[in-house]
Structure formats: structure tokens, C-alpha cells
2 protein chains.
Amino acid sequence: MSTEYLRLDQQICFALHAASRAFGNVYRVVLRDLGLTYPQYLVLLVLWEHGELPVKRIGELLRLDSGTLSPLLKRLETAGLVDRRRSADDERSVTVSLTEAGLALRERAELIPRRIAEATGLPPADVVELRDRLARLTAALDAAAP
Amino acid sequence: MSTEYLRLDQQICFALHAASRAFGNVYRVVLRDLGLTYPQYLVLLVLWEHGELPVKRIGELLRLDSGTLSPLLKRLETAGLVDRRRSADDERSVTVSLTEAGLALRERAELIPRRIAEATGLPPADVVELRDRLARLTAALDAAAP
DNA sequence: CACGATTGAGTTGTGCACAACTCAATCGCA
DNA sequence: TGCGATTGAGTTGTGCACAACTCAATCGTG
């Protein structure tokens, strides 16, 4: 019984890991046309929403550190989708903004959410509930990780 | 309304991605003592359960291909935790088995599940439900990804 | 039996994630 | 004001994940 109980967390963690990778596969297929990876798409999503953001803020929104973001943003810059410039009032900070091409990509990206939603096969209510459960779980795990 | 709906899948996917990484952080801390990464721990879990397995079967159980498993297993072999040998009746197949050290590690690993379970802050019933939802989601996504 | 197709591991190359680190800019307080 | 601490980006190194590929072993069908 204790053993039974102890196995559950392994299963939940593995289920999470597997679901996350399965989502990655679906996004990979859908994003191939746009030449984007899923994390790159996430960065563009926050930029489409906010216009421009410092690297620091992007990291907070997406839960990513500079070790991940710096090379990723460099690739987006090379692809001509974003610009990076040092902030005038704090030379430590770098502001990321969309280029014309980056802005234009938004229209093509607007077809994506529906395709993903269809792939999940879930009704919106279930999606909302699952999302909230996962958010609570993430918060609990963040609190537990020192 | 349509817009509202279309955002949900992004949120569920991001929530999943974030939760998976948050779990990774917790496991990283807990597994540091054992010198293991989370995927390496998963491999040992299936070996502890089954004794020995062909690489192919490990890949099916963990949803990983040889491009991921081959170097991972090589690291576990270098660490002295597993052995690899070509199967006698099918020379293409490689059988992975635990060494004494790999077997012995199980005892130290048995403390881990409880620590993880505590970190989630979830009652067992919630864990079961979430696990099942995620499993169904993964199945739906797998069916959608060609 | 022979030979083309398939299968199982492994390799190579790209990108993400994170730890540990560097370095310059900024902050804050004695 | 001056200087030690902190902050924001970036770099380096390790490992996972996956695509695309190689290669040998095995299978299956004529």
C-alpha cells in the first residue's frame, strides 16, 4: 500500500514529461512551416502581445534564464524576426522588439492555435481545468525547489 | 470569444511545459546525491522493475528513441550502473542489465518518491486523476502527430 | 535459396534547459 | 562620494530530445 502510493508520483511525473514531449511533437509539425521551434514561438507570442520587452521580462514570463534565452534570441535575430538593443536608461538591460517580418509572421501563426486545440481532443472546459491544476502543481513544485 | 478560446491551448501547452520543467528542478535536487539525471533515473526504474531489457523495449516504455537512449546508456555504463551486451539470438538487439552497483542504488533511491510526493502537495486521489488526464491527452496528441 | 525490405543500435547535427561562471552597469549605504 | 554588493546579459559545458542518417542483422517473399 505504501509502495502503491509511492509509485504514483513517479507516474505523475512521467505522465507530465510524456505529455509535454507529445505536445512538442505536435507543435514541431505545425511550426515547421514557420521555421520556428516551440520555445521560439513562445517568445514571439509574448512579443506579439507586449510589443517589446527586456530579456529579463521575457525570462520571467516564460520561466527561462539568460542561458537559454540569449542563444535563442540570437537565432531569432539571425532569422530577421527580432531586434535587440541595449536599453538607454539601463545599459545592462537589452530590449527585444519585433521586426516587420516578426510582426508579419503573426498572421500566419494565427492558424496554429486551432490546429493544436483540435489535436488535444479536449473540450474547452477540460482545458481550463487541466491548465489550472498544472499551474497549481507548478507553484507547489517551485515552492519546494530551493 | 473565438480569440479567448484560441488562447487556451497555448496556455495548456505552456502550463504543461512549465510543470514539466518545475518537476525537473525538484528531481534535479533530489537526484544530485545519486549522481543521476531524471531520464537516467527513469531508465533505472524500468530496469529495477524488469531486471534486464533490450534497448528497444526501454525506448517503448519511456517513449525515447535510440538517438536519446544510446548516449544515455553509455553514460550509465561509464558510471558502472549498467552492462550492455549484444543479444545472442538477435545480434541487432542490445540487452541492458544492472550491475551490482546499479542494483544497490535502488535502496538509496527508495527515499526519493516520498520526497517528490511531498513536493507536489497533492493528495493521492488528485495525483491519480491528473495522471489519467495527462495519459489521455498524450494519447490524443500521439494520434494527431503523424 | 536469394535478395530486397525492414529492423535495431548507433552517429551526427541542431536546439533547448540549466548550472556555473564572467563582466560591466547600477545600486545602496556608510 | 566612493566602494562593495547586486543585477542583467552573455558564455561555457553537460545532458536531453529529436531528425536524419549509416550499417549490419534479420525477415519475408518470389
Side-chain angles (χ1 to χ4, degrees), chain A residues 13-14 16-29 31-32 35-43 53-60 62-79 82 84-96 142 145-146, chain B residues 13-14 16-29 31-32 35-43 53-60 62-79 82 84-96 142 145-146:
Chain A
C13 183
F14 177 69
L16 208 47
H17 193 66
S20 180
R21 284 186 292 135
F23 244 125
N25 288 335
V26 174
Y27 266 108
R28 197 185 328 283
V29 173
L31 290 173
R32 184 162 300 148
L36 295 174
T37 64
Y38 177 63
Q40 289 167 10
Y41 173 67
L42 288 180
V43 168
L53 289 169
V55 173
K56 167 81 172 171
R57 184 77 188 118
I58 296 175
E60 288 168 358
L62 301 182
R63 232 175 157 285
L64 294 170
D65 69 3
S66 69
T68 300
L69 281 176
S70 288
L72 188 157
L73 290 170
K74 202 177 291 183
R75 282 187 284 273
L76 285 180
E77 190 176 39
T78 301
V82 305
R84 291 189 296 164
R85 60 171 197 281
R86 288 273 158 192
S87 165
D89 48 277
D90 186 344
E91 287 283 335
R92 292 172 304 181
S93 178
V94 167
T95 301
V96 182
D142 280 347
Chain B
C13 183
F14 177 69
L16 209 47
H17 193 66
S20 180
R21 285 186 290 137
F23 243 124
N25 287 336
V26 173
Y27 265 107
R28 197 185 328 281
V29 173
L31 289 173
R32 185 163 297 148
L36 295 174
T37 64
Y38 177 63
Q40 289 168 9
Y41 173 69
L42 288 179
V43 168
L53 289 170
V55 172
K56 166 82 170 172
R57 184 77 188 116
I58 296 175
E60 288 168 358
L62 301 183
R63 234 174 156 285
L64 293 170
D65 69 3
S66 69
T68 301
L69 280 176
S70 287
L72 188 158
L73 290 169
K74 202 178 288 182
R75 282 187 284 272
L76 285 179
E77 190 176 39
T78 301
V82 305
R84 291 190 297 166
R85 61 170 197 283
R86 289 273 157 192
S87 165
D89 48 277
D90 187 343
E91 288 282 335
R92 291 172 304 180
S93 177
V94 167
T95 302
V96 182
D142 279 348

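Order of the sequence lines sets the chain letters (A, B, ...), proteins ahead of strands, with each chain counted from 1.
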Could you check which nucleotide pairs with dT22(D) in any of the strands shown, counting Watson-Crick or G-U wobble with both distances under 3.5 Å?
->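 dA9(C) - that is the nucleotide pairing with dT22(D), both distances being under 3.5 Å.
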Pair partner, dA30(C) [Watson-Crick or wobble, under 3.5 Å] =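 Pairing partner: dT1(D).
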Classify the nucleic acid contact of [X] as base, sugar-phosphate or nothing, counting any heavy atom under 4.0 Å across all strands shown.
| X | result |
| --- | --- |
| Leu72(A) | sugar-phosphate |
| Thr37(B) | sugar-phosphate |
| Ser70(B) | base |
| Ser66(B) | base |
| Arg57(B) | nothing |

Among [options], which nucleotide sits nearest the side chain of [X]?
| X | options | answer |
| --- | --- | --- |
| Gln40(B) | dC18(D), dA25(C), dG15(D) | dG15(D) |
| Arg86(A) | dC18(D), dA9(D), dT6(C) | dA9(D) |
| Lys56(A) | dA9(D), dC18(C), dT26(D) | dA9(D) |
| Ser93(A) | dG8(D), dA25(D), dG10(C) | dG8(D) |
| His17(A) | dG15(D), dA17(D), dC27(C) | dA17(D) |
| Arg92(A) | dA19(C), dA25(D), dC27(C) | dC27(C) |
| Asp90(A) | dT26(C), dA25(D), dC18(C) | dT26(C) |
| Leu64(A) | dG10(C), dA17(C), dC18(D) | dA17(C) |
| Pro39(A) | dC18(C), dT6(C), dA17(C) | dA17(C) |

Does a side-chain N-to-carboxylate-O contact under 4.0 Å join Glu77(B) and Lys74(B)?
->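 No salt bridge links Glu77(B) with Lys74(B).
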Rounded to whole angstrom units, what separation is found between the [atom1] atom of [X] and the [atom2] atom of [N]?
| X | N | atom1 | atom2 | value |
| --- | --- | --- | --- | --- |
| Leu69(B) | dG10(C) | CG | P | 9 Å |
| Ile58(A) | dG10(D) | CD1 | P | 10 Å |
| Glu77(A) | dA9(D) | CD | C1' | 13 Å |
| Tyr27(B) | dC18(C) | OH | P | 16 Å |
| Lys74(B) | dG10(C) | NZ | C1' | 7 Å |

Sub-4.5 Å side-chain heavy-atom contact between His17(A) and Arg63(B) =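 They are not in side-chain contact.
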For Glu91(B), side chain to side chain donor-acceptor pair (under 3.5 Å) partners two or more places apart = none
Would you say the side-chain atoms of Arg86(B) pair up with the backbone N or O of Arg92(B), donor to acceptor, closer than 3.5 Å?
->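 At least one qualifying donor-acceptor pair exists.
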Those residues at least two apart in sequence (or on a different chain) that pass salt bridge (Lys or Arg N to Asp or Glu O under 4.0 Å) with Asp65(A) are none
If you pin Thr95(A) and Ala22(A) to their nearest nucleotides in DNA chain D, which one's is more 5'?
->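 Closest to the 5' end, via its nearest nucleotide, is Thr95(A).
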Closest-nucleotide 5' rank along DNA chain C - winner of Glu91(A) and Thr68(A) = Thr68(A)
Phosphate oxygens OP1/OP2 of dA19(C): is one of them under 4.0 Å from a side-chain N or O of Arg32(B)?
-> no
Using a cut-off of strictly less than 4.0 Å, decide whether Arg84(A) has a side-chain nitrogen or oxygen near OP1 or OP2 of dG10(D).
->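 The answer is yes; a side-chain N or O of Arg84(A) sits under 4.0 Å from OP1 or OP2.
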For Val96(B), the option from Ile58(B), Val43(B), Leu53(B) that meets side-chain contact (heavy atoms from CB on, under 4.5 Å) |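 One option only clears the test, and that one is Ile58(B).
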